[in-house]
**Student:** 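Right, I'll just put the structure down here and ask away after.
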Protein chains: 2
Amino acid sequence: MRTMLELAILGFLCDTPLHGYELRKRITALTGHVRPVAESTLYPAIKRLEKAGLLARETQAGAIAAPRHVLTLTPEGRQELRKRLAEPARGDITDENRWFTLLAFLRHLDDEAAQAAVLRRRLAFLEEPASFFYDGDRPLRAEELDDPFRRGILTIARATSRAERAWLHATLASLSGSAR
Amino acid sequence: MRTMLELAILGFLCDTPLHGYELRKRITALTGHVRPVAESTLYPAIKRLEKAGLLARETQAGAIAAPRHVLTLTPEGRQELRKRLAEPARGDITDENRWFTLLAFLRHLDDEAAQAAVLRRRLAFLEEPASFFYDGDRPLRAEELDDPFRRGILTIARATSRAERAWLHATLASLSGSAR
DNA sequence: ACGCTATACATCGCGGCCGATGTATGGGCA
DNA sequence: TGCCCATACATCGGCCGCGATGTATAGCGT
């Protein structure tokens, strides 16, 4: 539970009811180029969420091909989505894949102050002096590495971090509820 | 099998023999700030690799605390590492986490042409016109989105992609074996 | 009439990840 | 002396991801 996939399902269904196959296409469009979604992962996930009462299924016979199961988010599902967005696990903040998924649905948190708080958690993580390579405790800079590939990791990570920090600052400033 | 974790184990052991606990510290330093490594994931992975004949274990009694198992890469392990570096799965190319792990050990591929081929696969992936959001089939640009958070995803991804493509071009040019 | 592809859902079994928990030992500190 | 922490390894159970495979229908080309 609390996986990227479940968040995406809840997030997409928050906009509009969908059947599983359409849900799959949307998730594939969102993150499929990085991590494909297998149907054998999606359908069990839908079942889990249904069993937990987070979404409801309404069978729609013979629409085009096989009978569709149109999935609708329940009030509990909406509640759960907001909770997962407002109180993300640490991994949702640190892992870029999970973070992007969260960002894709963060607008469903209607409270701007809560949105800003989440962005600030990511910002705090990016401002930690963490590297991929160390000399004892001291994080190494790209220039200090001989290996060109490892130098690449730091170069790319630094560019990403700079761009994201700039975006975070700008977005936090534009959120009216961002006052600490 | 063929997981990020196994690649990291093989990669670190290719430099020098290590015991599990030290291996864990090194993997944590490398990728732990993004995805922590649980001991209950590491030790089974070591066992798997040992059973597959990729590494050998030598018990070193009462060094500091509990008896250590010093792990050494076998010739088959070295072979397997090279194979995983030279012929990465698609996910190793597309998923940044896995890609970074691969990059961290790519120097163990002694053939510069093979290294360049791997970099070119990543470059080809980055040059695909893939987005996170579409209007039908057409990838949307950041400016076309209303949602500020989704705009952020594209802004950040674009900055990363630019920086990485620049680095890839520069590094490919400096690899003498990079001639097509 | 035949085969291919897309739509739409589903199950099974393997295997990996992980939190919880256990077992030792040695060093520091109060 | 008592306690915590770091070192060092290990197992267990549950959940999740996923490739393989199955079932059915509708549309299209040949």
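Note that the coordinates shown come from a computational prediction; the quantities given were computed from them, not determined experimentally. Chain letters run A, B, ... following the sequence lines, proteins first and then strands; every chain starts at 1.
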**Student:** Starting from P on dC17(C), measure out to CE on Met4(A) and report it in whole angstrom.
**Tutor:** 14 Å
**Student:** Can you tell me the distance, in whole Å, between the CG atom of Leu42(A) and the C1' atom of dG19(D)?
**Tutor:** 15 Å
**Student:** Calculate, to the nearest 0.5 Å, the distance between atoms CZ and CG belonging to Arg35(B) and Leu5(B) respectively.
**Tutor:**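 Going from CZ on Arg35(B) over to CG on Leu5(B), the span is 11.5 Å.
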**Student:** If only side-chain N and O atoms of Lys47(A) are considered, is one of them under 4.0 Å from the OP1 or OP2 phosphate oxygen of dA10(C)?
**Tutor:**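 Looking at the OP1 and OP2 atoms of dA10(C), neither is under 4.0 Å from any side-chain N or O of Lys47(A).
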**Student:** Quick check: do Asp147(B) and Phe133(B) have side-chain heavy atoms less than 4.5 Å from each other?
**Tutor:**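 Contact flag for Asp147(B)/Phe133(B) side chains = no.
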**Student:** What is the distance, rounded to the nearest whole Å, between atom NE2 of His69(B) and atom C1' of dT23(C)?
**Tutor:** 13 Å
**Student:** Contact class for Arg24(B) vs. all strands (heavy atom < 4.0 Å): base, sugar-phosphate, or nothing?
**Tutor:** nothing
**Student:** Please tell me if Thr41(A) has a side-chain N or O lying less than 4.0 Å from either OP1 or OP2 of dC16(D).
**Tutor:** no
**Student:** Any carboxylate oxygen within less than 4.0 angstrom of a Lys/Arg side-chain nitrogen, looking at Lys47(B) and Glu50(B)?
**Tutor:** no
**Student:** State whether the side chain of Arg24(A) and the backbone N or O of Val37(A) hold a donor-acceptor pair below 3.5 Å, judged by distance alone.
**Tutor:**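 Confirmed, Arg24(A) side chain pairs with Val37(A) backbone.
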**Student:** Would you compute the distance between atom CG of Leu103(A) and atom CH2 of Trp167(A) and round it to the nearest 0.5 angstrom?
**Tutor:**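 Nearest 0.5 Å value for the CG-CH2 distance: 4.5 Å.
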**Student:** Could you tell me how far apart Asn97(B) (CG) and dC17(C) (P) are, to the nearest whole angstrom?
**Tutor:**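 In whole Å, dC17(C) P lies 13 Å from Asn97(B) CG.
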**Student:** For dT7(C), take OP1 and OP2 only and decide whether either is under 4.0 Å from a side-chain N or O of His19(A).
**Tutor:** no
**Student:** Nearest 0.5 Å, please: how far is CZ in Arg158(B) from CZ in Arg141(B)?
**Tutor:**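 Atom-to-atom, Arg141(B):CZ and Arg158(B):CZ are 7.0 Å apart.
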**Student:** Arg2(B) near the nucleic acid: base, sugar-phosphate alone, or nothing, with a heavy-atom cut-off under 4.0 Å?
**Tutor:** nothing
**Student:** Rounded to the nearest Å, what distance is computed from the CG atom of residue Leu23(A) to the C1' atom of nucleotide dT7(C)?
**Tutor:** 15 Å
**Student:** dC9(C) P sits how many Å from Glu22(A) CD, rounded?
**Tutor:**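 Taking atom P of dC9(C) as the reference, CD of Glu22(A) is at 10 Å.
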**Student:** Between Arg68(A) and dA26(D), does any side-chain N or O lie under 4.0 Å from OP1 or OP2?
**Tutor:** no
**Student:** Contact class for Thr3(B) vs. all strands (heavy atom < 4.0 Å): base, sugar-phosphate, or nothing?
**Tutor:**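 Here Thr3(B) touches the backbone only, sparing every base.
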**Student:** Starting at the 5' end of DNA chain C, which residue's closest nucleotide do you reach first, Glu39(B) or Ala45(B)?
**Tutor:**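 The residue mapped nearer the 5' terminus is Ala45(B).
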**Student:** Calculate the interatomic distance between Leu71(B) atom CG and dA8(D) atom P; express it in whole Å.
**Tutor:**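 So the two atoms are 13 Å apart, to the nearest Å.
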**Student:** Is the phosphate of dT7(D), meaning OP1 or OP2, less than 4.0 Å from a side-chain N or O of Tyr21(B)?
**Tutor:**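 Yes, Tyr21(B) has a side-chain N/O under 4.0 Å of OP1/OP2 on dT7(D).
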**Student:** Looking at Ser40(A) and dG19(D), is any side-chain donor or acceptor paired with a base atom of the opposite kind under 3.5 Å?
**Tutor:**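 Yes, the side chain and the base share a sub-3.5 Å donor-acceptor pair.
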**Student:** Any idea which of dT11(D), dC12(C), dC17(C) is nearest the Arg48(B) side chain?
**Tutor:**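 Of dT11(D), dC12(C), dC17(C), dC17(C) is nearest to the side chain of Arg48(B).
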**Student:** Could you give the CD1-to-P distance, from Ile46(B) to dA10(D), as a whole number of Å?
**Tutor:** 8 Å
**Student:** Contact class for Arg35(B) (heavy atom, under 4.0 Å): base, sugar-phosphate, or nothing?
**Tutor:** nothing
**Student:** Would you say Arg57(B) reaches dA8(D)'s phosphate, i.e. side-chain N/O to OP1/OP2 under 4.0 Å?
**Tutor:**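 Checking dA8(D) against Arg57(B), no side-chain N or O comes under 4.0 Å of OP1 or OP2.
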**Student:** With a 4.0 Å cutoff (strictly under), does any side-chain N or O of Tyr43(B) reach OP1 or OP2 of dC9(D)?
**Tutor:** yes
